[in-house]
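Treat the numbers as computed from the prediction; the structure is a model and nothing was measured.
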There are 2 protein chains.
Amino acid sequence: MPTPPDPDPFHDHDHDACSGAVLEHALTRLEAEGARLTPVRRRTLEILLESHRAMGAYDVLQRLSAEGFGSQPPVAYRALEFLVNHGLVHRVQRLNAYAACLSPQKDHSPVFLICRGCDKVAETGSSDLRAAIGGLATSNRFTVERTTVEILGLCSQCVAAGAEARA
Amino acid sequence: MPTPPDPDPFHDHDHDACSGAVLEHALTRLEAEGARLTPVRRRTLEILLESHRAMGAYDVLQRLSAEGFGSQPPVAYRALEFLVNHGLVHRVQRLNAYAACLSPQKDHSPVFLICRGCDKVAETGSSDLRAAIGGLATSNRFTVERTTVEILGLCSQCVAAGAEARA
DNA sequence: TGGCATAATGTTATATCATCACAATTAACT
DNA sequence: AGTTAATTGTGATGATATAACATTATGCCA
């Protein structure tokens, strides 16, 4: 059976609604873990949520610096590392970039769809995929701690726009 | 049902046997594609095969340079890019490193198991996982071109050795 | 409240990874 | 041999990330 008419995560996304919920959830979760969402950390998360894109550390830094926070790389890297460690932000390896997690409530292994046509990134997930990774780990006697799953290709709009050419 | 007694890809691997086969296969494939395995490219592949590890571009460069090839970064990066494009080498995103593909005969989406205890990397694959990615792509109307699947954790030996502590 | 320990922030400096631009060489094909 | 395209080499620079250490803020509790 085909799955129900999924929304297209690249284009059918109510961002304002999700941002608020994510931020609220972040506070709850961090409190439970005894961690502090300090001003820099909070702004860093907000910046990523507002942009709704994968941003490089130096892009984030520029925004933070312009708002009166420190201007040196560690300022951004530390805030990002904190958020990543608490599952509020993911690192997109292929882009050397960071994106706010949009479903922090689930204990998930995120999957990123990276469109090379429009450079947008969509976060999704799949229980089949988690199961497959679990099986792989078992049969290789490997203890999983973190997974990176990134799919590079073209989103539907870019395909429609004829962005076929593959480098 | 458990899968049959899989070999542990970290420790039960006949490397000499596979290296020769891989190299031989590389020649065949490249000829078919009209691409040339020049001396630098060949040595780059051999170096990765011999080390049987994921190596950084600058590590490869050092080896190449010591053997009389050029000493500037582009020398290594170009050879690696060529090999990656032809599916003979994979890039391990999490490590900013490169590893020779050990099963270049299959049209595969590789999966890397990265042990943070001993820093070894094992390449594997899974048809379940490929299927899950295919399903995800379909339900998100996404056209897949390349996939990155990397699993960070501990190999069996490192678990046995008590490398439990998680940063 | 004052004093201590810890965590967080800020800065300078530097390490690491990757690419640009252009010259020199080599290979492939008339 | 002559022409073109691919490949290689080099210097310079760009982009990403961390080390080391001083300073400030926070939490705790005597």
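Ring centroids of B:His90 and B:Tyr98 are separated by 6.0 Å or more, keeping the two rings apart.
Between the B:Glu150 side chain and the B:Arg94 main chain, a donor and an acceptor come within less than 3.5 Å of each other. Proximity of a side-chain donor or acceptor of A:Arg41 to a complementary backbone N or O of A:Arg36 within less than 3.5 Å is detected. Without hydrogens or angle criteria, A:Thr44 side chain to A:Val40 main chain gives a donor-acceptor distance under 3.5 Å. A side-chain donor-acceptor contact under 3.5 Å links A:Asn140 to the backbone of A:Leu136. Distance alone, capped at 3.5 Å, is enough to place a donor-acceptor pair between the B:Glu123 side chain and the B:Leu102 backbone. A donor-acceptor distance shorter than 3.5 angstrom exists from the side chain of A:Arg29 to the backbone of A:His86, with no hydrogens or angles considered.
Nucleotide D:dA6 holds its C1' atom 8 Å from the CZ atom of B:Arg41, rounded to whole Å. Between the CG atom of B:Leu61 and the C1' atom of D:dT8 there is a distance of 13 Å, rounded to whole Å. Summarising the geometry, the separation between CG on A:Leu37 and C1' on C:dA7 is reported as 15 Å, rounded to the nearest angstrom. Distance CZ (B:Arg43) to P (D:dG9): 14 Å, rounded to an integer number of Å. Taking atom CZ of B:Arg94 as the reference point, atom C1' of D:dT16 lies 16 Å away to the nearest angstrom. As a whole-Å value, the separation of B:Leu64 CG from D:dT10 P is 12 Å. If you measure from atom CG of A:Leu80 to atom P of D:dA17, you get 9 Å, rounded to the nearest angstrom. The CZ atom of B:Arg36 sits 7 Å away from the P atom of D:dT8 (whole-angstrom rounding).
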Anything under 3.5 Å between a protein N or O and an N or O of nucleotides 15-19 of chain C, put it in a table, one pair a line.
residue	atom	partner	partner atom	Å
C:dA18	OP1	B:Arg91	NH1	2.9
C:dA18	OP1	B:Arg91	NH2	2.4
C:dA18	OP2	B:Tyr77	OH	3.1
C:dA18	O5'	B:Tyr77	OH	3.4
C:dA18	N7	B:Tyr58	OH	2.7
C:dA18	N6	B:Tyr58	OH	3.2

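Between A:Thr38 and C:dT9, a side-chain N or O to OP1/OP2 separation shorter than 4.0 Å is present.
Residue order along DNA chain C, read from the 5' end via each residue's closest nucleotide, puts A:Phe82 first among A:Phe82 and A:Ser71.
Side-chain atoms of A:Arg78 and base atoms of C:dG10 include a donor and an acceptor less than 3.5 Å apart.
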